[in-house]
**Student:** 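Have a look at the structure that comes next, please.
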Amino acid sequence: MVERRVRIGELARRTGVSPDLLRAWERRYGLLAPVRSDGNYRLYTPADEARVSAMKARVEAGVPAGEAARIVLAEPVLPGAADFTAAAGALGTALEDFDDAGSHAALDALLSGFGFETVAREVLLPYLRRIGERWERGETTVAQEHFATVVLRGRLLGLARGWDRGTGPRAVLSCAPGELHELGLILFGLALRGQGWRITYLGADTPLDSLTAASRSLQPAAVVVVALTRGRLEAVRAELGVLAGEAPLWLAGAGVDAELAEACGARPLHGDPVAAAAELAGAALPV
Amino acid sequence: MVERRVRIGELARRTGVSPDLLRAWERRYGLLAPVRSDGNYRLYTPADEARVSAMKARVEAGVPAGEAARIVLAEPVLPGAADFTAAAGALGTALEDFDDAGSHAALDALLSGFGFETVAREVLLPYLRRIGERWERGETTVAQEHFATVVLRGRLLGLARGWDRGTGPRAVLSCAPGELHELGLILFGLALRGQGWRITYLGADTPLDSLTAASRSLQPAAVVVVALTRGRLEAVRAELGVLAGEAPLWLAGAGVDAELAEACGARPLHGDPVAAAAELAGAALPV
Amino acid sequence: MVERRVRIGELARRTGVSPDLLRAWERRYGLLAPVRSDGNYRLYTPADEARVSAMKARVEAGVPAGEAARIVLAEPVLPGAADFTAAAGALGTALEDFDDAGSHAALDALLSGFGFETVAREVLLPYLRRIGERWERGETTVAQEHFATVVLRGRLLGLARGWDRGTGPRAVLSCAPGELHELGLILFGLALRGQGWRITYLGADTPLDSLTAASRSLQPAAVVVVALTRGRLEAVRAELGVLAGEAPLWLAGAGVDAELAEACGARPLHGDPVAAAAELAGAALPV
DNA sequence: ATAGGTTTTGTCAAGCTTTTGTACAT
DNA sequence: ATGTACAAAAGCTTGACAAAACCTAT
């Protein structure tokens with residue numbers, strides 16, 4: 001295993017603790033003992049990052065720095081998977097570090113210790129939200145977001161294997177034409193699968209006629225179209241209306257509102273993907 | 001295989017890294033070792049391009065260039081395609097070595113690459129069969145088998161989480177009293193879940209009154225009792241008869257034959273757990 | 001366990017009692033006896049915070065300060081949590097109803113909100129104790145207990161994933177031959193993992209030769225054997241003596257007493273699984 | 001409650017070194 | 001293409017400082 005090591009400035013950026021303070025914590029409390037590069041630069045590992053984050057959290061909670069350091073140092077270096085927040089933090093760190101193996105390990109720990117819905121709601125959705133916000137503020141690099149997306153999508157699709165089998169009601173899922181963000185849609189599908197539904201997944205940027213063809217051929221109990229911006233749906237408002245005439249159509253995502261849904265003859269889903277899946281499962285069955 | 005090779009300008013254009021910098025990375029960190037053309041031009045392969053992209057992504061994420069190069073060079077050029085037999089072999093080795101984490105990693109590789117039913121049929125069932133044969137021949141249990149059973153059981157129960165949700169028919173699964181081998185029953189449950197059923201799992205060594213109580217409370221579409229030896233079932237033949245009177249009872253495992261099942265008023269299931277699950281799903285639904 | 005301690009200002013902010021008054025209560029009534037830091041600062045524990053809150057509530061209710069202090073000092077310190085009891089109750093209900101998914105959801109809520117050790121101590125151990133008492137009184141097993149045990153076991157083994165990784169000392173855990181109650185052993189393993197140990201888990205009903213083989217192959221810092229009844233251990237007393245000769249052997253569970261342990265050349269562990277893990281971690285390390 | 005002294009802790013400065021992308025001459 | 005050079009950015013160490021928080025005693 002090759003350690004991912006960063007210098008003090010990067011650690012400072014990631015943790016929000018200034019380089020000066022990091023050095024002070026090292027000098028005064030022995031909080032960190034980074035190895036040095038040839039040029040005598042400090043090199044920090046992800047475990048160090050976890051320590052600093054823990055320290056910072058305690059200090060912000062009002063614990064004196066010296067005490068916080070004592071506590072952090074007394075804790076085992078490797079927290080067991082039994083610790084939810086630690087595992088969630090490890091996932092974030094691994095994704096930031098382009099650490100493919102580490103990301104998978106952290107996800108494994110989370111998913112084997114906790115239910116999928118909890119992991120989705122408490123870890124994955126907040127992470128997606130954070131990426132979105134950072135992207136808006138221009139803080140995250142394209143490469144980083146891309147890496148995280150690829151890792152998560154691959155992993156979630158792995159979980160999704162065989163999700164179209166069984167005897168439950170069937171749902172056909174797609175992103176609106178032009179809409180490329182599909183992680184939320186996959187989470188939605190997995191949550192719905194957890195309720196016993198069968199999923200037919202068409203993925204990102206699905207042309208409306210593909211969707212209509214699938215709908216005609218499968219006669220699903222629900223057709224779901226997701227869009228993060230309103231424009232994507234308005235552009236195909238007419239076709240959606242046609243589709244709604246022949247299948248139970250649901251619209252989801254931030255680009256949806258009640259007015260638009262009604263205009264299409266569709267029904268809106270609300271909230272995050274996990275909540276929306278519960279809403280659909282509750283509402284569609286009695287029909 | 002003839003490599004498609006490009007010159008430095010083209011590589012720079014593709015990766016967004018200037019030619020000067022590419023040369024600097026080669027000189028300082030040995031990141032690349034391109035072959036030379038007749039005119040002493042550098043010629044790069046797709047693997048080189050992958051290296052440069054990985055390097056660039058890390059540097060943009062804040063990792064110092066020297067560190068990034070060290071990491072990129074330490075990684076295998078192409079992450080080996082998941083090879084089924086290799087992963088299966090790794091699983092066997094890890095289980096022999098009492099290596100919990102290694103076993104999980106191997107199982108992860110198998111399950112993320114090949115789907116549950118394949119893994120069950122090609123790896124887990126043969127393993128169970130081998131244990132069963134040894135046991136039949138009266139060979140003393142090999143020490144590692146105990147560990148392996150515990151690891152696999154924990155892992156499969158992890159896959160099983162939430163398997164009673166949904167709208168499908170419900171099955172209540174149990175081992176006969178005294179029967180401790182439950183791996184097969186878990187595989188059976190997972191295969192049945194794959195068919196859309198809901199599973200209530202009572203596990204090894206289930207007292208008959210526990211089973212009867214669960215059956216009354218849940219009114220399942222099937223109650224399944226497993227035993228590897230005939231004696232376990234004969235010992236509770238009377239109670240099984242009572243249970244069969246109030247619920248659809250199925251018997252499975254090597255300890256079952258048609259005569260015994262009939263005598264109890266139950267129906268037999270045949271073959272390995274995956275096959276038996278298919279049989280139950282096919283036979284129980286039309287009822 | 002490392003205490004989280006705060007200084008007087010933070011305690012004042014948290015309780016709404018001024019630093020001056022806190023010092024006065026200490027001087028006049030001996031309400032608190034905080035330890036001092038190197039620089040002679042007072043350091044308060046969460047128990048102190050509970051005391052101050054109780055004191056404040058009484059004073060505001062009109063009780064004279066001296067009287068209030070006397071009452072508070074006579075009371076045991078117990079921090080309560082309403083959220084916690086609600087989630088614990090939901091778990092109990094779901095387990096009673098054979099509701100697998102509901103049980104997992106309740107466990108998710110507990111584990112992600114309160115941390116493993118708290119949940120173990122406040123929910124799971126009392127549950128085990130209740131089962132144990134019923135069993136001792138010879139009451140027939142309630143059907144639900146069987147289901148509950150299976151669910152909890154699967155869940156805890158999920159949390160245990162990867163618990164043999166890391167660099168800490170290694171422990172090999174097993175139930176004595178014939179001993180089928182393994183929930184306590186898993187809790188013990190998880191608590192020990194929380195102390196930084198690596199765990200190799202052999203589970204219920206472990207033949208002595210399996211245990212010996214694992215011990216020889218892994219050379220652990222501790223081998224632990226659990227039994228709830230004394231007979232299980234006496235039946236293998238000779239083999240335990242041999243094992244104790246080649247590895248540090250510890251015995252735990254209600255079936256252990258000092259005399260028996262000494263006769264085997266082993267050392268006894270006391271109290272519930274979490275306490276026993278702390279005992280082992282404290283005693284085995286200096287060796 | 002105030003006064004006067006001590007401890008804690010985040011921040012800064014000066015002077016020097018290392019890293020790393022880019023530039024230029026041959 | 002090669003080899004050398006350069007300069008901006010980032011780091012290192014030592015030492016110090018000052019605001020906030022805390023102590024005791026009156």
**Student:** Considering residues at least two apart in sequence or located in another chain, which fulfil the salt bridge (charged side-chain N to carboxylate O under 4.0 Å, His left out) criterion with Asp108(C)?
**Tutor:**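 Applying salt bridge (charged side-chain N to carboxylate O under 4.0 Å, His left out) to Asp108(C) gives Arg155(C).
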**Student:** Once salt bridge (charged side-chain N to carboxylate O under 4.0 Å, His left out) is applied, do any residues pair with Arg13(C), and if so which ones, sequence neighbours excluded?
**Tutor:** Glu10(C)
**Student:** Distance check: side-chain N/O of Ser18(A) vs OP1/OP2 of dT11(D), anything under 4.0 Å?
**Tutor:** yes
**Student:** Can you name the salt bridge (charged side-chain N to carboxylate O under 4.0 Å, His left out) partners of Arg198(C), sequence neighbours left out?
**Tutor:**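 Partners of Arg198(C) under the salt bridge (charged side-chain N to carboxylate O under 4.0 Å, His left out) test: none.
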**Student:** Does anything in residues 31-39 of chain C come within less than 4.0 Å of DNA chain D? Heavy atoms only, and list the residues if so.
**Tutor:**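 The stretch gives Gly39(C) as the residues lying under 4.0 Å from the strand, ordered by number.
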**Student:** What's the shortest heavy-atom distance between Leu91(A) and Ser103(A), and which atoms?
**Tutor:** CD1-O, 3.7 Å
**Student:** Let me have the donor-acceptor pairs involving side chains of residues 21-31 of chain C, under 3.5 Å, with sequence neighbours excluded, atom names and distances please.
**Tutor:**
| from | atom 1 | to | atom 2 | distance (Å) |
| --- | --- | --- | --- | --- |
| Arg23(C) | NH2 | Asp20(C) | OD1 | 3.4 |
| Glu26(C) | OE1 | Arg42(C) | NE | 3.0 |

**Student:** Which residues in residues 9-16 of chain C have a heavy atom closer than 4.0 Å to any atom of DNA chain D?
**Tutor:** none
**Student:** Using the heavy-atom set of chain C and a strict 4.0 Å cut-off, write down the first and last nucleotide of DNA chain E that makes it in, 5' to 3'.
**Tutor:**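 First-to-last contact on DNA chain E, by the 4.0 Å heavy-atom rule, is dA21(E) to dT24(E).
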**Student:** Using the closest heavy atom to pick a nucleotide of DNA chain E for each, name whichever of Ile8(A) or Arg23(B) lands nearer the 5' end.
**Tutor:** Arg23(B)
**Student:** Checking Ala221(C) now: which residues fulfil side-chain contact (heavy atoms from CB on, under 4.5 Å) with it, not counting sequence neighbours?
**Tutor:**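 Counting only residues at least two positions away or on another chain, Ala221(C) forms a side-chain contact (heavy atoms from CB on, under 4.5 Å) with Pro169(C), Trp197(C).
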**Student:** For Ala68(B), which residues count as a side-chain contact (heavy atoms from CB on, under 4.5 Å) partner, sequence neighbours excluded?
**Tutor:**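 Partners of Ala68(B) by the side-chain contact (heavy atoms from CB on, under 4.5 Å) criterion, ordered by chain and then number, come out as Met55(B), Arg58(B), Val59(B), Val63(B).
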**Student:** For a quick test of reading the model: is some side-chain N or O of Trp25(B) closer than 4.0 Å to OP1 or OP2 of dT20(D)?
**Tutor:**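 Indeed not, no polar side-chain atom of Trp25(B) lies that close.
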**Student:** I'd like to check the salt bridge (charged side-chain N to carboxylate O under 4.0 Å, His left out) partners of Arg7(B); sequence neighbours left out, ordered by chain and number.
**Tutor:** none
**Student:** Under 3.5 Å, which protein N or O atoms sit close to an N or O of nucleotides 24-26 of chain D? Give each pair with its distance.
**Tutor:**
none

**Student:** For Arg7(A), answer base if it contacts any base atom (sugar-phosphate contacts may also be present), sugar-phosphate if it contacts only those atoms, and nothing otherwise; contact means non-hydrogen atoms under 4.0 Å.
**Tutor:** sugar-phosphate
**Student:** Can you measure from CG (Asp97(A)) to CZ (Arg4(A)) and round to the nearest 0.5 angstrom?
**Tutor:** 7.0 Å
**Student:** Which residues in residues 57-69 of chain B have at least one heavy atom lying under 4.0 Å from any atom of DNA chain D?
**Tutor:** Pro64(B), Ala65(B), Gly66(B)
**Student:** Distance check, rounded to the nearest 0.5 Å: Leu190(C) atom CG versus Phe116(C) atom CZ?
**Tutor:** 4.0 Å
**Student:** Kindly indicate whether the side chain of Arg28(B) and the base of dG21(D) share any N or O donor-acceptor pair separated by less than 3.5 Å?
**Tutor:**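 Side chain to base: pair present.
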**Student:** Would Asp48(A) and Arg14(A) pass as an ion pair if we require N to O under 4.0 Å?
**Tutor:** no
**Student:** With a 4.0 Å limit, can you tell me whether Tyr29(B) has a side-chain N or O closer than that to the phosphate oxygens OP1/OP2 of dT20(D)?
**Tutor:**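 Checking Tyr29(B) against dT20(D): at least one side-chain N or O falls below 4.0 Å of OP1 or OP2.
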**Student:** Starting from the C-alpha separation in whole Å, work towards a yes-or-no answer on side chain to side chain contact (heavy atoms under 4.5 Å, CB included) for Glu182(A) and Thr149(A).
**Tutor:** CA-CA 9 Å; Glu182(A) 57 176 329; Thr149(A) 307; over 6 Å; no
**Student:** Does Thr118(A) use its side chain to pair, donor to acceptor, with the backbone of Phe114(A) at less than 3.5 Å?
**Tutor:** no
**Student:** On DNA chain E, does the nearest nucleotide to Tyr41(B) precede the nearest nucleotide to Arg42(A) from the 5' side, or the other way round? Give the residue.
**Tutor:** Tyr41(B)
